[in-house]
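Within every chain, numbering begins at 1; the chains are lettered A, B, ... in the order of the sequence lines, protein sequences first and strands thereafter.
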Amino acid sequence: MIFVTVGTQLPFDRLVAAVDDWAAEHPDADVFVQLGNSALQPRFCRYTRFTDPAEWEALFQQAERVVSHAGMGTIIKALDQGKPLIVMPRLAARGEHRNDHQVATAARFRHYPGVRVVEDAAGLARCLDEPLTAFQTEERSNERLASLLGAIRGFLQAPAG
Amino acid sequence: MSGRRCESRRAFLVASHGGHWVQLRRLAPAFEGMDVWYVTTTAKVREEVAPAPVLIVPDANLNEKLRLLLLAGRMLWLTLRYRPRVVMSTGAAPGFFALMFGKLIGARTIWVDSLANAERMSVSGAKVRPFADLWLTQWPEVASPFGPFYKGAVI
């Protein structure tokens with residue numbers, strides 16, 4: 001199953017359309033879309049508008065690949081769990097977000113193992129056509145997390161003032 | 001310290017729902033042994049963090065003046081009522097007010113700017129600077145010698 005998620009806040013019709021177009025040409029593929037407030041309703045995918053956290057987690061776990069806007073929640077979970085991820089950042093020029101911070105975020109993560117960043121429907125289709133084995137993921141080192149937790153613990157233990 | 005009857009270990013961990021929340025939760029282990037209270041924008045997460053208490057505030061962005069006012073009022077009330085000794089947030093607007101009011105009552109405050117801000121601090125993250133005792137970015141490229149500081153990241 002391919003799990004597509006656009007987050008809760010803003011519609012992302014360009015991503016929904018791109019995924020649905022790909023699904024139309026791949027009738028064997030099982031695609032599930034979390035639509036949010038997108039106006040488009042997919043014709044070749046299963047979908048829901050919103051999920052509660054447990055449903056989202058179940059869909060995420062079942063998925064062999066995840067397609068997403070450049071939302072940090074999804075990126076963190078995918079990296080943490082070694083889930084192959086295709087990211088299409090929202091563009092301010094198309095009214096998909098207030099600014100282009102998703103482009104900057106996606107650019108920073110594009111070299112991480114198991115992550116692909118695409119700009120448009122053609123790029124998305126190319127990535128979805130890749131065999132799953134092309135997505136090399138790896139166990140994340142948690143060095144950065146350990147360091148940040150250490151800094152916070154140190155601050156909490158230091159005398160106030 | 002000797003004059004105090006009881007040193008409260010209460011911490012407010014504050015984030016709006018979504019990516020900010022996911023990042024906040026990854027930092028929770030640093031607060032082990034403390035009296036952790038979550039402050040967020042949806043009750044959906046109660047199950048996830050139980051038995052830790054969850055306080056709900058309205059979400060708002062900078063374009064929603066009335067909602068910002070509601071959010072500020074609610075956060076001020078919660079701060080005065082529960083008097084946290086430590087306040088930490090990953091963003092966004094709820095965290096800004098939580099640190100501002102936390103500072104007002106003498107709490108120690110931590111801001112960890114979201115990973116979503118890879119080029120500069122978020123709007124809330126920049127504005128919160130005077131109220132943040134520990135003012136962090138998760139990108140070395142955004143850090144500067146005078147802050148924000150880079151100490152690591154949630155991933």
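- Ranked by heavy-atom pairs under 4.5 Å with chain B, the list Leu149(A), Ile75(A), Thr74(A), Asp52(A) is led by Leu149(A).
- Contact annotation for Tyr150(B): only side-chain heavy atoms (C-beta onward) come within less than 4.5 Å of a heavy atom of chain A.
- Electrostatic pairing of Lys103(B) and Asp133(B) counts as a salt bridge here, judged by a charged N lying under 4.0 Å from a carboxylate O.
- The choice from Ser147(A), Gly7(A), Ala107(A), Ala151(A) that makes the most heavy-atom pairs within less than 4.5 Å of chain B is Ser147(A).
- For a residue to count as touching a neighbouring chain, one of its non-hydrogen atoms must lie under 4.5 Å from one of that chain's; by this rule Ile110(B) touches chain A with the side chain only.
- The ring-ring contact (aromatic ring centres under 6.0 Å, His included) test applied to Trp56(A) returns Phe3(A), Phe60(A), not counting sequence neighbours.
- Ser114(B) touches chain A through its side chain: at least one heavy atom from C-beta onward sits under 4.5 Å away, while N, CA, C and O do not.
- Using non-hydrogen atoms only and a strict 4.5 Å limit, the part of residues 97-104 of chain A facing chain B consists of Arg98(A), His101(A), Ala104(A).
- Residues Leu136(B) and Val123(B) share a hydrophobic cluster, clusters being chains of Ile/Leu/Val/Met/Phe/Trp/Tyr side chains in contact below 4.5 Å.
- The aromatic rings of Trp139(B) and Phe109(A) lie perpendicular to each other, with more than 60° between the two planes, well past the 30° mark.
- Distance CD/Gln23(B) to CD1/Ile76(A): 4.0 Å, rounded to 0.5 Å.
- Of the listed residues (Glu119(B), His17(B), Arg26(B)), the one with the most heavy-atom contacts under 4.5 Å to chain A is Arg26(B).
- Between Phe12(B) and Trp37(B), the ring planes lie tilted relative to each other; the angle falls in the 30° to 60° range.
- Contacts of Glu32(B) with chain A are absent, with no heavy-atom separation under 4.5 Å from either backbone or side chain.
- Contact of Glu141(B) with chain A is made through the side chain alone, with heavy-atom distances under 4.5 Å.
- By the 4.0 Å N-to-carboxylate-O rule, Glu57(A) lies close enough to Lys77(A) to be salt-bridged with it.
- Checked for salt-bridge contact, Arg46(A) and Asp30(A) meet the test: a charged N lies under 4.0 Å from a carboxylate O.
- Looking at Val86(B), only its side chain comes within 4.5 Å of chain A, counting heavy atoms on both sides.
- The candidate with the highest count of non-hydrogen atom pairs below 4.5 Å against chain A, out of Leu115(B), Val22(B), Val112(B), is Leu115(B).
- Both the sub-6.0 Å distance and the 45° axial angle are satisfied by Arg116(A) relative to the ring of Phe135(A).
- In this structure, Leu156(A) CG and Met88(B) CE are separated by 8.5 Å, a value rounded to the nearest 0.5 Å.
- Inspection of the Arg25(B) and Tyr38(B) side chains reveals an N or O donor paired with an N or O acceptor under 3.5 Å.
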